[in-house]
Amino acid sequence: MDAVQKADSGHPGTPMALAPLAYVLWTRHLRYNPANPQWVDRDRFVLSAGHASMLLYSVLYLTGYEVSLDDLKHFRQWESSTPGHPEYGYTPGVETTTGPLGQGLGNSVGMAIAESQLAAIFNRPDHSVIDHHTYFIASDGDIMEGISHEASSYAGHLKLGKLIGLYDDNHITIEGNTELTFSDDTARRFEAYHWHVQRVEDANDLDALDKAIVAAKAVKDRPSLIVVRSHIGYGSPNKHDTAEAHGSPLGADEIKLTKESLGYPSLEPFYVAPEALERWRTMADRGADLESEWRKRYDSYKVAHPSDAAELERRLRGEMLAGWEDLIPAFTADNGSVASRAASGIVLNAIAPKVPELVGGSADLASSTNTIVKGAPSITPDDHSGRNFHFGIREHGMGAVMNGMSVHGGFIPYGATFLIFSDYMRPSVRLAAIMNRHVIYVYTHDSIGLGEDGPTHQPIEQLSTLRAIPDFTLIRPADASETAEAWRAALRHKEGPVALVLTRQKLGFIDRTKYASASGVAKGAYVLSDSPGGSPQVVLMSSGSEVALILEAQQKLEAEGIRSRVVSMPSHELFAAQDDQYRESVLPKGVKRLSIEASHPMSWQRWVGEDGVAMGLHRFGASAPYKELYEHLGLTVAKVVETAKQLAG
Ligand SMILES: Cc1ncc(C[n+]2csc(CCOP(=O)(O)OP(=O)(O)O)c2C)c(N)n1
């Protein structure tokens with residue numbers, strides 16, 4: 001109440017209502033050590049209802065994490081460790097960024113999968129070193145959002161027995177009572193997903209909460225949901241059970257009334273009774289004991305299974321095995337024309353043995369996205385060790401699960417679908433970027449080049465809008481060799497998500513004995529073919545399948561006496577990160593530029609500048625064989641030549 005009041009913004013009602021639940025969970029069940037928030041085998045806790053962040057910050061302060069009372073006083077202020085919604089990497093004890101409702105629930109499923117897969121791979125009889133639970137708190141909003149269906153259905157299918165959800169059933173959302181919008185029977189809904197479901201009728205009944213959590217932990221073959229009937233703004237005489245308590249400060253008068261009605265020992269803002277704090281702070285000793293007990297177990301595991309321990313530690317450190325890059329295949333003319341999705345499948349399979357932490361799959365498009373590691377087992381409900389994931393037709397769930405696995409540690413998750421359906425997982429993609437997580441998206445069928453499936457399946461604005469996401473890297477390779485380099489770059493780039501954008505249609509082989517090496521992919525853009533006979537009069541730029549068009553155009557222009565330079569630009573972001581000197585060496589000042597890409601050209605404007613031309617599509621595609629589409633929509637060598645001639649002057 002006090003922190004929200006001081007910030008003059010925030011959400012007091014749910015933290016007030018769930019204080020008893022937090023107390024039971026954090027003092028009796030959750031295994032954590034405030035002195036070491038990174039302890040590998042800690043239980044994970046996710047506040048999916050991120051708006052209730054003051055609940056989490058209060059508990060982190062009370063239990064003795066590096067969150068002070070002063071930090072609570074700076075709730076929602078510039079660079080404070082108590083931002084409006086919990087942010088990964090900002091606050092010790094915050095496991096993932098939440099706020100967009102439903103995402104945290106999805107992340108929890110990913111964390112539970114990560115735990116279970118590491119346990120399946122690394123634990124040994126008599127040595128259980130990965131053995132923790134994942135808890136989440138979800139609100140009505142989390143439960144209403146569609147992503148909760150995708151993620152919970154997948155969790156139920158996989159029988160994630162160590163996932164325990166607490167649903168804050170308070171009947172209130174922003175617009176008022178849930179009667180306005182929501183008459184699901186959530187308990188039965190989760191039962192239908194094969195979850196174990198319990199109800200606690202009174203959120204202030206500590207024993208009932210305790211018993212329910214004990215029972216949930218005892219169920220090992222299914223995830224658990226505990227539906228907790230609570231009252232938002234509990235204790236506030238005038239605001240409890242009202243939508244007003246959700247997202248605005250209660251007001252000084254109401255805070256006073258609330259403290260009086262609860263019998264709070266002081267009216268002084270931020271007052272914490274010393275005996276209460278003392279009780280909470282015993283969690284420091286409890287946490288130290290829990291971790292040291294685990295450490296003893298871990299030490300004996302290390303003695304008995306030294307190579308397993310070393311491998312587990314490597315994965316958790318996020319270091320890759322030496323030599324994985326030696327496995328990246330080289331493509332030659334003998335490979336002929338190869339779709340970049342097919343080349344990607346070859347690269348993935350080649351490197352897989354030395355990158356065991358690279359696990360993932362697709363949203364039911366594995367045969368189209370070429371994302372199966374051949375010969376490796378699949379993850380199944382009864383065996384969680386397999387590296388091939390079948391996410392089902394759940395793109396959004398897939399994105400959130402990948403984020404959860406990534407923040408858990410020990411994995412570089414990848415997930416695949418058609419580029420057009422990146423829209424179906426966009427909120428999770430954005431959160432991967434906000435959290436700087438190293439996850440890899442394999443997006444195939446990347447343009448009108450997919451042909452007959454037509455405008456619903458042909459991405460137009462996706463490339464430009466994905467490129468607009470900060471801290472996101474997109475790589476669209478032009479041939480098989482660039483695809484191999486794109487995987488290298490994607491695995492090396494640990495600072496955020498990377499999308500590999502690949503074709504359905506075959507791409508010609510670019511002869512690297514004649515043209516520049518594909519290693520230029522690492523720099524985002526490079527001169528693939530310079531103008532013979534002196535400095536260029538015009539620069540032709542492209543990515544992916546359209547690089548072939550500009551290479552052909554260059555020859556036609558040369559025949560007409562016009563000198564042009566061909567720049568392959570698979571990644572705007574990697575190129576933007578190069579120094580001025582390199583960028584200028586590729587795109588010399590004063591030379592006009594043309595770009596062409598079978599997509600909306602917005603993202604190329606930066607590179608062509610005011611006096612250049614960005615060729616692309618300002619309309620949706622159509623259903624037809626792809627070569628005809630390129631003709632009809634004006635993406636042709638002839639058009640490039642014509643435009644380049646005008647630019648060359
Ligand atoms: C995806 C998404 N849509 C909308 C919001 C804005 N929003 C924040 S909380 C909330 C709903 C509040 O109801 P509930 O989830 O029951 O939380 P409570 O009021 O119980 O705290 C909404 C719509 C959001 N955070 N995320």
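Just so you know, these numbers come straight off a predicted model, no measurement behind them. By convention here, the first residue in the shown sequence is residue 1.
- For Ser406 against Val439, the heavy-atom pair with the smallest separation is CB-CG1, 3.8 Å.
- For Lys256, the NZ atom is loosely surrounded, since the number of other residues' heavy atoms within 6.0 Å does not exceed 12.
- Between Tyr23 and Leu209 the shortest side-chain heavy-atom distance does not fall below 4.5 Å.
- Using bins of under 30°, 30° to 60° and over 60° for the plane-to-plane angle, the ring pair Tyr32/Tyr65 lands in the parallel bin.
- Between the CG atom of Asp142 and the OG atom of Ser148 there is a distance of 7.5 Å, given to the nearest 0.5 Å.
- When atom types are taken as modelled, the side chain of Thr178 and the backbone of Ile172 share no donor-acceptor pair closer than 3.5 angstrom.
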Checklist entry - Is there a salt bridge (charged side-chain N to carboxylate O under 4.0 Å, His left out) between Arg31 and Asp131 once you walk through the steps? => result CA-CA 11 Å; Arg31 293 164 57 88; Asp131 184 9; over 6 Å; no
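- Between His149 and Tyr193, the ring-plane angle classifies as tilted under the 30° and 60° cut-offs.
- Annotation: Asp253, atom CG; neighbour count of heavy atoms from other residues, nucleotides and ligands within 6.0 Å does not exceed 12.
- A salt bridge links Asp423 to Arg426: at least one charged side-chain nitrogen sits closer than 4.0 Å to a carboxylate oxygen.
- Remark: the backbone N or O of Ala138 is not paired with any side-chain donor or acceptor of Ser48 at under 3.5 angstrom.
- Judged by distance alone, the side chain of Arg394 and the main-chain N or O of Ala151 form no donor-acceptor pair under 3.5 Å.
- Nearest heavy-atom pair across Thr14 and Ala52 is CG2-CB, 3.8 Å.
- For the residue pair Glu175 / Thr173, no side-chain donor-acceptor distance below 3.5 Å is found, with atom types taken as modelled.
- Looking only at side-chain heavy atoms (C-beta outward), Arg199 and Arg229 stay at 4.5 Å or farther from each other.
- Inter-residue side-chain proximity for His438 and Arg492 is flagged as unmet; no heavy-atom pair is nearer than 4.5 Å.
- Using modelled atom types, no side-chain atom of Glu66 and backbone atom of Pro92 make a donor-acceptor pair closer than 3.5 Å.
- Note that CG of Asp43 and OG1 of Thr134 are 7.5 Å apart. Values are rounded to the nearest 0.5 Å.
- Proximity of a side-chain donor or acceptor of Thr91 to a complementary backbone N or O of Ser81 within less than 3.5 Å is detected.
- Considering all non-hydrogen atoms of both residues, Gln198 and Ala216 come closest at NE2-N, 3.6 Å.
- The shortest heavy-atom contact between Pro249 and Gln5 is CB-OE1, 3.3 Å.
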Checklist entry - Between His29 and Asp210, is a side chain to side chain donor-acceptor pair (under 3.5 Å) present by the stated rule, with each step listed? => result CA-CA 8 Å; His29 295 283; Asp210 185 51; 2.6 Å; yes
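- No side-chain donor from either of His74 and Ser80 sits under 3.5 Å from a side-chain acceptor of the other.
- Using a 4.5 Å heavy-atom cutoff, the side chains of Gln103 and Ile147 are in contact.
- Between His11 and His85, the ring-plane angle classifies as tilted under the 30° and 60° cut-offs.
- Between the Tyr88 side chain and the Ile434 main chain, no donor and acceptor come within less than 3.5 Å of each other.
- In summary, Glu275 and Arg279 do not engage in a salt bridge, as defined by a charged side-chain N under 4.0 Å from a carboxylate O.
- Heavy-atom contacts from other residues, nucleotides or ligands closer than 6.0 Å to OH of Tyr298 number more than 12.
- Salt bridge absent: Glu115 and Arg44 never bring a charged side-chain N and a carboxylate O closer than 4.0 Å.
- Judged by distance alone, the side chain of Glu95 and the main-chain N or O of Val407 form no donor-acceptor pair under 3.5 Å.
- Counting only heavy atoms from C-beta outward, the side chains of Phe389 and Gln117 approach each other to under 4.5 Å.
- The closest donor-acceptor contact from the side chain of Trp39 to the backbone of Gly287 lies at 3.5 Å or more, if one exists at all.
- Looking at Ser68 and Asp71, their side chains do bring a donor and an acceptor atom within 3.5 Å of each other.
- You'll find the side chain of Thr258 stays beyond 4.5 Å of the side chain of Tyr264, heavy atoms only.
- In this structure, a donor-acceptor pair under 3.5 Å is present between the side chains of Asp140 and Tyr167.
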Item to check | Steps toward salt bridge (charged side-chain N to carboxylate O under 4.0 Å, His left out) verdict (Lys162, Asp41) | outcome: CA-CA 13 Å; Lys162 285 168 150 175; Asp41 201 38; over 6 Å; no
Next on the checklist: Arg297 vs Tyr301, test: side chain to side chain contact (heavy atoms under 4.5 Å, CB included). Steps then yes/no.
Outcome noted: CA-CA 6 Å; Arg297 277 192 280 133; Tyr301 170 76; over 6 Å; no
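- With hydrogens and angles left out, the side-chain atoms of Glu254 and Ser236 include a donor and acceptor closer than 3.5 Å.
- Residues satisfying the salt bridge (charged side-chain N to carboxylate O under 4.0 Å, His left out) criterion with Asp184, sequence neighbours excluded, are absent altogether.
- For Tyr234, the OH atom is loosely surrounded, since the number of other residues' heavy atoms within 6.0 Å does not exceed 12.
- Rounding to the nearest 0.5 Å gives a distance of 7.5 Å between CZ of Phe136 and CG of Leu166.
- With respect to the salt-bridge test (charged N to carboxylate O, under 4.0 angstrom), the residues Asp580 and Arg583 qualify.
- For the pair Pro100/Pro427, no side-chain contact is recorded, criterion being any heavy-atom separation below 4.5 Å from C-beta on.
- Heavy-atom minimum distance, Asp168 versus Leu18: OD1-CD2, 3.4 Å.
- Within the 3.5 Å criterion, the main-chain N or O of Gly496 finds no donor-acceptor partner in the side chain of Asn436.
- Remark: aromatic rings of Tyr61 and Trp280 are distant, center separation not under 6.0 Å.
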Next on the checklist: Pair Ile137, Leu55 - check side chain to side chain contact (heavy atoms under 4.5 Å, CB included), show working.
Outcome noted: CA-CA 11 Å; Ile137 290 182; Leu55 179 73; 4.1 Å; yes
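- Looking at heavy atoms from C-beta onward, Tyr441 lies in side-chain contact with Met402 at the 4.5 angstrom threshold.
- Arg42 contributes atom CZ, which lies 10.5 Å from atom CH2 of Trp294 (distance to the nearest 0.5 angstrom).
- In this structure, Arg315 forms a cation-pi arrangement with Phe411, its terminal cationic atom sitting closer than 6.0 Å to the ring centre and no more than 45° off the ring axis.
- Residues Gly524 and Leu574 approach most closely at CA-CB, 3.6 Å, considering heavy atoms.
- Residues Asp205 and Lys211 are not paired through a salt bridge, judged by the lack of any N-O separation under 4.0 Å between the basic side chain and the carboxylate.
- Salt-bridge annotation for Glu311 and Arg314: present, with a side-chain N of the basic residue lying under 4.0 Å from a carboxylate O of the acidic one.
- Here CZ of Arg28 is found 9.0 Å from CD1 of Ile213. Values are rounded to the nearest 0.5 Å.
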Next on the checklist: Run Leu60 and Trp26 through side chain to side chain contact (heavy atoms under 4.5 Å, CB included) and show every step you take.
Outcome noted: CA-CA 9 Å; Leu60 292 174; Trp26 288 72; 4.0 Å; yes
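- Counting only distance, with no hydrogens or angles, the side chain of Ser116 and the backbone of Ile113 share no donor-acceptor pair below 3.5 Å.
- Note that CE of Met283 is 9.5 Å distant from CG of Leu290, once rounded to the nearest 0.5 Å.
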